[in-house]
There are 2 protein chains.
Amino acid sequence: MTAYRTARKRDAAATRQALVQAAAGLFAERGYERTTVREIAARAGVNQALLFRYFGSKQSLFEEVVAGESLRHLRETPPESVLETALRGLLAAGSEDQGQRHRALEICLRSAVGGTATRTGALLSEEYADALATLTEAEDAALRADLVLAWLLGIGLTRSVVGKGALAGADPDEVCALVLDCARTMLEKLPANESR
Amino acid sequence: MTAYRTARKRDAAATRQALVQAAAGLFAERGYERTTVREIAARAGVNQALLFRYFGSKQSLFEEVVAGESLRHLRETPPESVLETALRGLLAAGSEDQGQRHRALEICLRSAVGGTATRTGALLSEEYADALATLTEAEDAALRADLVLAWLLGIGLTRSVVGKGALAGADPDEVCALVLDCARTMLEKLPANESR
DNA sequence: ACCGGTTGTAAGCGTCTGCTTACAAAAGTA
DNA sequence: TACTTTTGTAAGCAGACGCTTACAACCGGT
């Protein structure tokens, strides 16, 4: 895995990217606060002082991670698919998934709990809420969107943190069906459940 | 506030209780990990070494807090009222409420995020889930209960951690109506919404 | 008055945290 | 080659953390 990095040394861009990727993974898994800069550097295979050379602080690195692929990923997804996409991303969190799924929500919601990374996390949450709010004509669209988003947060946390019984071991398709059916009560423009 | 404590010194029971109450408040507000033993001792108005004399460790104190009033409170509430009671407790979290509301969920869910206090927190979550699971005849009752519980977790966190827009400022009655209506899709025995 | 156990206090230990510094090795430029 | 700049490394700093220790103050019983 470090074959590439050892092959070509002294590559600032590669070092930066390695740090960003390692940080994204750890922030998603453990949240902002429980991730240490030493862990990030170790996973990236890089001296931890470089983290501060390239990003200045742990907080700045976090912002770069969130503002990067995460936001872009969200903006490329049509609103009516956001919920299912995000939910499936959350449900697949446990398994070793290399692909670029919606890791954004995981990262920001998981980290929002701490409080330090709140500002950046809140920004991303808002963007998700705005997308969901377009799915209803109700007056309280914003509130409904927030509630659905809160549900995602809870599901993600329950699954990944507490290795809890029913939800932790459940079939993603089943969970998806239940949640989407239920969410349609609040967001009436949500497409019908088409997953087999 | 410390008038009582200064009046009668050298009272082990009072010291213990002061520590438990201070810890309960701080765990609910900040979660397990972000609460320090020094803070707990300070709020209780006692020397922090006493925390270790009476409880042995921060973890043990946490368990005593959760196992104490919290569990008892839950067991006294009939299953069909648990959801609304817990939800209203969560929604009132911001305001200064002295009364014994359902602080249990707040504490354990907020703390479950960290991972250290997971075992104790999971136990309490399970008890809540069991109560909710009695409200449906569906085969996947456990999963449905977990999902609803996860929703509570998400709502509580979104409201108290991120001071986020719509949900943070919303009227508890309104939130209650939306959530309960929606949850009835999954837990059909949930009583009709009777709040004005 | 004396003594043994209980309750409270001050100081500090060892470890971990985010972050900094001083310096060495490689690359670019002449 | 000689010099500057960029990239990487090792060591460590100050502060916070959970927890411990040594000791003083108080109390009840005799």
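Throughout, a chain's letter reflects where its sequence line sits, starting with A, and its residues are numbered from 1.
For the side chain to side chain donor-acceptor pair (under 3.5 Å) condition, the pairs that include at least one residue of residues 134-145 of chain A, sequence neighbours left out, are A:T136-A:E188, A:E137-A:K189, A:D140-A:R144. Among pairs with a residue in residues 174-185 of chain A, those fulfilling side chain to side chain donor-acceptor pair (under 3.5 Å) read A:D181-A:R184, at least two apart in sequence or across chains.
We find that CZ of B:R16 is positioned 11 Å from P of C:dT7, with the value rounded to whole Å. If you measure from atom CG of B:L50 to atom P of C:dA11, you get 16 Å, rounded to the nearest angstrom. Atom CD1 in A:I40 sits roughly 11 Å away from atom C1' in C:dG18 (whole-Å rounding). The separation between A:F62 atom CZ and C:dC19 atom P is 14 Å, rounded to whole Å.
Take A:Q48 and apply the side-chain contact (heavy atoms from CB on, under 4.5 Å) test, not counting sequence neighbours, and it matches A:V37, A:R38, A:A41, A:F52. Considering only residues two or more places apart in sequence or on other chains, A:E39 meets the salt bridge (charged side-chain N to carboxylate O under 4.0 Å, His left out) condition with A:R30. Residues satisfying the side-chain contact (heavy atoms from CB on, under 4.5 Å) test with B:A22, not counting sequence neighbours, are B:I40, B:R43, B:A44.
At a threshold of 4.0 Å, the pair A:R88-A:D173 counts as salt-bridged, since one of the basic side-chain nitrogens sits closer than that to a carboxylate oxygen.
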Q: Scan nucleotides 16-29 of chain D nucleotide by nucleotide, 5' to 3', and note B when protein non-hydrogen atoms come under 4.0 Å of the base, S if they reach only the sugar-phosphate, - if neither.
A: -BBBBB---BB---
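When heavy atoms are screened at a 4.0 angstrom cut-off, B:Y54 is found touching the sugar-phosphate backbone but no base atom.
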